[in-house]
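This report concerns only the one structure given below.
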Amino acid sequence: MTTIAGTGTAGYNGDNRQATLADLNGPYDLDVDAAGNISVRMIGRLSVLGMTTGELEAALTERYRSGGYLRNPKLSVELLSARPFFVLGEVLKPGSYPYVAGLTIAQVIAISGGYTRRASTSRIKVKRFGSPAGSEESVTEDSIVNPGDIVRVPERLF
C-alpha cells in the first residue's frame, strides 16, 4: 500500500493528489489545505490526516456510495507532489528542494551541492515536519528524509 507523502501519514499543507473517478469527467487534483482537509466534488470537505492513498480511496468510495451519489464508484488516488524539504547551514546551496521518496541525508547533501569545508559531518540535525518547535534529532547520512523536514548542517568546532 502506498502512503501519501511517503511518511505513513498524510494530509499536510502542500501535498497534492490526483483522484480519478470513472463515473465522473476524468481526473482532478485534490490539494490539502492547512488543516489537513481536501475538498471533493459532491462530497465536500474531508479530513485526510494520517491516511494512506489506499485509505483515502476507501474513504472516498464509501462517501460516494453512502451519500447516494454513485452506486459502485471506481476510483484511484495517487500522490502528485509532496511538500519540499529544506537544507540549512554548511552546504554549498542551502534552500528548498522538491521531495522524492526514499531520500537519505547523504543524497540531500549531494543535491544541495555538498558540504562546505567548515561543515560538521557528524552533527547533522533534522527537524521533522510537524514535530514540536525547537525539537531536532541527530541523524546519520543513512537516515531518511521526509517531506517538510528541515536538515541542518552545523559548523564544525575546531
When clusters are formed by joining ILVMFWY residues with side-chain heavy atoms under 4.5 Å apart, either directly or through shared neighbours, do F129 and F86 land in the same one? no
Check R118 with E90, please: is the shortest side-chain N to carboxylate O separation under 4.0 Å? yes
If you measure from CD1 on I38 to CZ on R45, what distance do you get to the nearest 0.5 Å? 10.5 Å
Would you call the rings of Y69 and Y64 parallel, tilted or perpendicular if under 30° counts as parallel and over 60° as perpendicular? perpendicular
Does NZ or CZ of R83 lie under 6.0 Å from the centre of the six-membered ring of Y99, at an angle within 45° of the ring axis? no
Looking only at heavy atoms, the pair that brings V100 and L103 closest together is O-CG, 3.2 Å
Would you compute the distance between atom CZ of R152 and atom CD1 of I124 and round it to the nearest 0.5 angstrom? 10.5 Å
Please walk me through it: do V91 and I109 pass side chain to side chain contact (heavy atoms under 4.5 Å, CB included)? CA-CA 7 Å; V91 293; I109 299 301; 4.0 Å; yes
At what distance, to the nearest 0.5 angstrom, does CZ of R65 lie from CG of N72? 6.0 Å
Could you give me the CA-CA distance, side-chain angles and deciding distance for V108 and Y97, then say whether side chain to side chain contact (heavy atoms under 4.5 Å, CB included) is met? CA-CA 9 Å; V108 164; Y97 294 91; over 6 Å; no
Test side chain to side chain donor-acceptor pair (under 3.5 Å) applied to S96 - qualifying residues, sequence neighbours left out: none
Would I144 end up clustered with I150 when hydrophobic side chains under 4.5 Å apart are linked, directly or stepwise? no
Transitively linked via ILVMFWY side-chain contacts under 4.5 Å: L92 with L88? no
R128 meets the side-chain contact (heavy atoms from CB on, under 4.5 Å) criterion, sequence neighbours left out, with V126, S131, E137, V139, N146, D149
Does either side chain, that of K125 or that of S138, offer a donor lying less than 3.5 Å from an acceptor on the other one? yes
Check salt bridge (Lys or Arg N to Asp or Glu O under 4.0 Å) between R63 and all other residues, then give those that pass, not counting sequence neighbours. none
Just wondering, do Y115 and T121 contact through their side chains at under 4.5 Å, heavy atoms? yes
Do I105 and V145 have side-chain heavy atoms sitting under 4.5 Å apart? yes
Side-chain contact test, heavy atoms from C-beta onward, threshold under 4.5 Å: evaluate it for P84 versus P98 and give yes or no. no
Given the rule in the side chain to side chain contact (heavy atoms under 4.5 Å, CB included) test, do E57 and L75 qualify, once you have shown the distances and angles that lead to the verdict? CA-CA 7 Å; E57 286 176 12; L75 60 94; 4.0 Å; yes
Kindly determine whether N37 and L46 satisfy side chain to side chain contact (heavy atoms under 4.5 Å, CB included), including the steps that lead there. CA-CA 5 Å; N37 297 308; L46 175 68; over 6 Å; no
Short side-chain to backbone donor-acceptor contact, E62 and A59, under 3.5 Å: no
